[in-house]
Amino acid sequence: MRGWLAYVMVVCMVLCPALTLAQTSGTDLQVAARALSFLNHPPSGTLTVGIVYVPDNVRSVEEATLIRSLLVEGLRVGNLTLRPQLVRMSEVNEATVQLFFLTAGVGADAEILAEAAHKRHLLCVTTDIPQVLSGRCALGVRSQPKVEIIVNRALAATSGIGFSTVFRVMITEI
Amino acid sequence: MGAVTQRFRGLAWLLGGLALSLGAVDVRAQSIDYSSFERLFGEPVTMSATGSPQRVSDAPVTMDIITADQIRSSGAYDLPGVLRQVVGVDVLQWSNDHADVGIRGYNQSGSARVLVLIDGRQVYADYYGFTPWSALPVELSAIRQIEVIKGPNCALFGFNAVGGVINIITSNPLYDQINAISVATGTQGLIQGSAVGTARLGERAGLRIELGGRSNQDFSSAAPVFFNEVRRGDYRDSVNLDGVVRPAPGVELDVEATHAESRDPQNTSAWSPAYTHYLTDSLKGQLLADTPVGLLRATAYSNWVDGQYLFARDVVNSALSPEYHSRTSVAQLEDIAKLDANDTVRVALELRQSIVNTSPVTGAAVLYDVSSASGMWERKITHALSFTMALRMDRLFMDRDGPTPPAYPFTGEDWGRHLTAVSFNTGFVWHATERDTLRLRVDRGAKLPNLVDGGAALVQYGPVYYTGVPTLEPSITTNYEVGWDHTLPSLGASAHARVYHESTTQVESVDGGVAQAGSQLYLTPANIGSSHATGTELSVTGGFAQFWRWSAGYAGMIISDHFRAQPVVDYFVTDFARSTPRNVLTGSLGWTRGAWEIDGFLRYESLSHGQGLTDLTTAPVLESIPAHLSFDGRIGYRFTEALTVAISGQNLVPRYQRQTAGVDVERRVIVTLSAQL
């Protein structure tokens, strides 16, 4: 019952038209980077972010190109710097990255990423919130109209990923 | 006293055992890093609403946050000067360094309804039910935000938070590198210095040191002859050491020691001026750990507050001038846990003891022991709708230690009584649209009698016999409130509206009763009846044209008092209905461009009344305080990234202004040189 309510909560938020189709922005990436500092084992230094896309999905390719352009100079937040690396969905098991960023619109193809992230104990971040609801990506972020952070607790836990209590109290968990 | 020592020795063992046991558990301690969360969410965060970390937009209470930037641009040199620019906050300025601060009216001399804390440690003086603002051991440049909560919030903070809470949050030496020095000079012979330094010892330890001092003369406004006896200059100095360390992975320990001293004229709760001397010392330890069962926090602190009150010597003998030595010790244990995606809970236990000597007739002490249990549950019903319920029970045991004097209406056994107070805070927060948030709350809070009114005051001199009594009942305040927040992106503004109704029963007055011992009559405090208030607050804030910022606010309030007859004269000194201005307007306009920063603040208060000053040989008389408009301002120029000079002023026009029934407030102009290192 509680899980159902949580699902409805987030779906209600996500179905606002202004939100579902918005492109990932630089502010979204900043929110994601800041959220990493609240991991139980926060990263520092330079982190290579695998921008995961599906080559024959136009929207996914467009978003991957956009995100790479936003990160190409390096996104520095505190003592963490994010650098991009494009990763095809079929290559997620071999990519030399420390974090995955899932592009929007890949649908069920994200199951491949979910399995790889689980096996490799890597965090998956996305602005495509339905992927978090469906259990394919652990962390969802958006910055407009208000900063929202959604964590799929079960998925994060099975990947050995956890956040501090203070952080968890202030975000949405499903 | 031995029982208290044993209690705190036990707590020390508990904390030590907790620290050792936590070493065996995978824990991740993280005290709330306000700066990081504020950058993450793009808005302030707080723990003062429910005890659980929250974004201010999600808090189920009416809260104003004063940021460090706003403190700087206010031009104020002390905390009351900053707070008077907040709509709904009332400041009675009795002298340059002494003021009483109230929230939503009910502000009188020795305001007892607002609980004031620094980083969660109570600095409100239990023994007399007031806050010695000049003797608070905090420098303005060390403050990262001031949280002003309006309405009762006793379920989290305990009794006495019936009017509201002011929680002063300082920088954390682990996260915030604050190094600042300032010197100031101004009218009334003002000389002030302040320094804050932060040292980081690797990634695991930090130490912050604050030093401050101030010397100035009092207002030169006309005053009764007896008042001049207490115009002996205003002085303040303070030191604060705060160290935070992570002794083991995942464990955080915070230890703080403070000392402050102040001397200044004060209008006491007897409506007679006294030259006061306060010494405040504190020692605090806090252990924090993020565990599988939630965020555990164990806190223990002791406050020592000494207050000496010298009434006008030419008029009365110093036998009427009390000197109190008080200690309040608190031990708290709490856990905050997120049970599942939608439910967050907080449970807490607290032990408290406060003790103070009787005075001016000495030889005994009055004390109370309080055991408290509280809980909070926050439920996210939907993404947009949440409900919070907080409940607290305080069980107080009052006692008196020492002999009673001859011809006294009470025996020591009269103090051996228990009081139980139940408080709650409930509220809904509904984010109705992306721009609209509605709040509905119902609160109940208890204000317990302070120890002076509860028996520590003991005067036997000439015709004046006065005593505190063991028979006072707690005042209970119930508040009903609806609120609406609305953002206006096209104007770069936000608007807020509140409507509330508040009822208080068992209102206490210092002159409320009489007690008799043989033929000797004592004047005493007593519960005198009830009071009801209905009010509204409206405010808008915004910016325009890139460089400008503005705000406007209105607070309207109507109070009706329902008191029984006073036993000696035909009125009580307590008169909330007439002492609270019905209409208060505030406004501000600010401009920043390049190295220049200019800010102005207006405050209008409608007609009100107040008890006039007395030399204790006559009863105070209610006097009118005409409507008045005051203006504060600041012009700052930044020479370099580190160095700023500013000229600021309070109550700039006219030179003297009647704002209280005390002496007229005098214009103050200050020049400040500050450096951020």
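Because only heavy atoms are used, hydrogens play no part in the values below, and waters and symmetry mates are left out as well, while side chains stay in. Note that the coordinates shown come from a computational prediction; the quantities given were computed from them, not determined experimentally. Quick note on labels: first sequence line is chain A, next is B, and so on, each numbered from 1.
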**Distance (rounded to the nearest 0.5 Å) between Phe37(B) CZ and Met170(A) CE** = 3.5 Å
**Request:** Count the heavy atoms of every other residue, nucleotide or ligand shown that sit under 6.0 Å from CD of Glu115(A), and state whether that count exceeds 12.
**Result:** no
**Asked** Is it the side chain or the backbone of Ile149(A) that comes within 4.5 Å of chain B heavy atoms, both, or neither?
**Response** side chain
**Item:** Under the salt bridge (charged side-chain N to carboxylate O under 4.0 Å, His left out) test, residues paired with Asp485(B) that sit two or more places apart
**Value:** Arg439(B), Arg498(B)
**Request:** Could you check if a side-chain atom of Ile171(A) sits within less than 4.5 angstrom of a side-chain atom of Phe41(B), using non-hydrogen atoms only?
**Result:** yes
**Complete:** Applying salt bridge (charged side-chain N to carboxylate O under 4.0 Å, His left out) to Arg136(A) and not counting sequence neighbours gives Glu111(A)
**Contact origin within Ser57(B) toward chain A - heavy atom pairs under 4.5 Å** = side chain
**Prompt:** More than 12 foreign heavy atoms under 6.0 Å from CZ of Arg121(B): is that the case here?
**Reply:** yes
**Request:** Could you tell me the separation between the CD1 atom of Ile174(A) and the NE2 atom of His383(B), rounded to the nearest 0.5 Å?
**Result:** 12.5 Å
**Message:** At a 4.5 Å cut-off on heavy atoms, which part of Arg39(B) comes close to chain A: side chain, backbone, both, or neither?
**Reply:** both
**Item:** Euclidean distance, Phe38(A) CZ relative to Asp33(B) CG, rounded to 0.5 Å
**Value:** 6.5 Å
**Message:** Measuring from atom CG of Asp340(B) to atom CZ of Arg153(A), what distance do you get when rounded to the nearest 0.5 angstrom?
**Reply:** 6.5 Å
**Complete:** Closest heavy-atom pair, Ile336(B) versus Thr165(A), reported as atoms and distance to 0.1 Å, is O-CG2, 3.8 Å
**Message:** Let me confirm one number: the CZ-CG distance from Arg168(A) to Leu295(B), rounded to the nearest 0.5 Å.
**Reply:** 11.0 Å
**Complete:** Residue from Met47(B), Gln54(B), Arg55(B), Glu43(B) scoring the most non-hydrogen pairs under 4.5 Å with chain A is Arg55(B)
